[in-house]
Every structure is written in C-alpha cells, then in structure tokens.
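So the structure is just underneath, and the comments pick up after that.
Note that the structure is a prediction, hence the values are computed from the model and not measured. Computed from heavy atoms alone, side chains included, the values below leave out hydrogens, waters and symmetry copies.
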Amino acid sequence: MIFISRNKYPEKTIENILDVALELFIKKGYENTSIQEIVNNLDGLSKGAIYYHFKSKEDILNSVAEKIYSSTNTIMMDIKNDSNLNGLEKLKKMFSISLKNPNQNKMFSVAPKLLNNPNILALQMKEIIENTAPNYIKPIIEEGIKDGSIKTNYPKELSEIMILISNIWLNPLVYKNTNEEMLNKIKFYDYLLKQINIDIFDQTMYDQIVKLNELSNK
C-alpha cells in the first residue's frame, strides 16, 4: 500500500497562498478580495486547504504583513545594538528606517481602513504595546538618558506615547486626512518632541508620511 502525504510541502503552500493573496490585495484591494477568489488563483488548492493554514482573511493579511516586514525586526535590532550611535541618533534612525522601508508603500496601498476592521487594529495595538514600545523604543530612550542625548524622567511613558502617536494618530489607515491635514499633524508632533529636545524628523520623513497618506486614500 502506498501512503501519500496530505501536504508534503506545507511551507511552499503557505508561501503560494500569501503570494496570491498579496497580488489580489494590490489589484483589487483587501475589502474587495474574497477567500474564494484567492482559492480560484491557487491551481486547484481547495478552500479547506486555505483554512487549514489560516483562520480567516484577516489572518492571511496579518501573515502577508509579517512576510513583508520580516526584515524590519532584524534592522531594528541592528540599530538598537549599534555602538557607534547615541540614544537619540538610534531613535531617529529607527523612525527613519521604518518610514523608508519600501514595503510600506505596498502595504499602505492594499491594507484596509483599520476602524472598519477592529480585529486587525487590535492586533496592531497589541504588537506596538507589547513588543515595539518595550523592546525597541524604551531601551533606546533609556540609553539616551544614560549618554545624555535624551532628557526625560519617563522613558516607559515616552516610548508608549511616541509609538502610539506614530502608529495610530499619524496612521492614515486609522485617521483619514487630506495631505494638508497630515502635514499639520506631523508638524505638531515634531513640535511636541522638540519641546523635550527630541529632534528626529527631517524633510524626507515628512515627505514619506504624506506619500503613505496619498496611497491609503486611493
């Protein structure tokens, strides 16, 4: 008797699902892409096979985002461990790199409005509260306090408010803004940070945030 494995190459199957889903999300938008359409573009793979690997379309989107940003955590860790930079320089570089990531453009052109997708918004909030703020931003601020480049008595609170403003209040997938409104928000955030001598924004970062705003409004 010959036994045939149900899925000999699960990693390849998952990769194929994510590639097809991303292509459809870009072409049609997340909201207008159904699980069935993903199935129809997978060369005979069944809907059951998709649900074997992913619980929902939201789960597929989260995995697509994780795949796209997979290199980001490595880059962030490299910045965090760079002994040639002080705390403030690391903070500026981290924010700059995250904005200049070429995959940002791709994600902002396909991602849904987060207020209409509370599960995705909750997952993003969980990530920034439980991972990004405590594991990347807070240690860098604490390093800046030690080396004198950052002056604050509230490293934990500052790390949380910075990441929440950047990822929620300045996120065009949460707040719908005209380019002028977005520019004013960046200027105001920049102004607030400069009141505590944290100068991290440059013109390139301004331009990239406005560009992401444009992509999300298409």
Would a distance-only check, ignoring hydrogens and angles, find a side-chain to backbone donor-acceptor pair under 3.5 Å from Q195 to L192? no
The salt bridge (charged side-chain N to carboxylate O under 4.0 Å, His left out) partners of D19 (sequence neighbours excluded) come to K67
Sorted by chain and number, sequence neighbours left out, salt bridge (charged side-chain N to carboxylate O under 4.0 Å, His left out) with E143 holds for K90
Heavy atoms of P139 and A133 approach each other most closely as CD-O, 4.2 Å
Applied to residues 44-56, the salt bridge (charged side-chain N to carboxylate O under 4.0 Å, His left out) test, sequence neighbours excluded, yields none
Donor-acceptor pairs under 3.5 Å, side chain of residues 158-170 to any protein atom, not counting sequence neighbours: which ones?
unit_1 : atom_1 : unit_2 : atom_2 : d
S159   : OG     : P155   : O      : 3.3
S159   : OG     : K156   : O      : 2.7
E160   : OE2    : K156   : NZ     : 2.8
S166   : OG     : M162   : O      : 2.8
S166   : OG     : Y189   : OH     : 3.3
N167   : ND2    : I163   : O      : 3.0

Residues passing the side chain to side chain donor-acceptor pair (under 3.5 Å) test with N179, sequence neighbours excluded, are N213, E214
Practice prompt. Would you check if the side chain of S63 reaches a backbone N or O of D59 as a donor-acceptor pair within less than 3.5 Å?
Written response: yes
Between the OH atom in Y191 and the CG atom in N184, the distance rounded to the nearest 0.5 Å is 14.5 Å
Residues 123-141 vs salt bridge (charged side-chain N to carboxylate O under 4.0 Å, His left out), sequence neighbours excluded, gives K126-E130, K138-E142
Of all heavy-atom pairs linking I200 and K92, the shortest is O-CG, 3.3 Å
With sequence neighbours left out, the residues meeting side chain to side chain contact (heavy atoms under 4.5 Å, CB included) with K93 are I79, D82, L85, I97
Value for CD1 (I137) from CD1 (I128), rounded to nearest 0.5 Å, stands at 10.5 Å
Check: E58/N62 side-chain N/O donor and acceptor closer than 3.5 Å
no
- Message: With clusters defined by side-chain heavy atoms of hydrophobic residues (ILVMFWY) lying less than 4.5 Å apart, directly or transitively, does I198 cluster with F188?
- Response: yes
Side-chain donor or acceptor of S149 paired with backbone N/O of L88 under 3.5 Å:
yes
Tightest non-hydrogen contact, residues L45 and V39, listed as O-CG1, 3.2 Å
What one should report as the nearest heavy-atom pair of I129 and P134 is O-CD, 3.2 Å
Applying side chain to side chain contact (heavy atoms under 4.5 Å, CB included) to D207 and not counting sequence neighbours gives Q203
More than 12 heavy atoms of other residues, nucleotides or ligands under 6.0 Å from CG of N81: is that the case?
yes
Residues at least two apart in sequence or cross-chain that pass side chain to side chain donor-acceptor pair (under 3.5 Å) with N135, listed by chain then number, are N131
Separation between CG (N177) and CG (L183), nearest 0.5 Å, reads 11.0 Å
For T33, the side chain to side chain donor-acceptor pair (under 3.5 Å) test, sequence neighbours excluded, returns none
S56 meets the side chain to side chain donor-acceptor pair (under 3.5 Å) criterion, sequence neighbours left out, with none
Applied to residues 171-200, the salt bridge (charged side-chain N to carboxylate O under 4.0 Å, His left out) test, sequence neighbours excluded, yields D190-K194
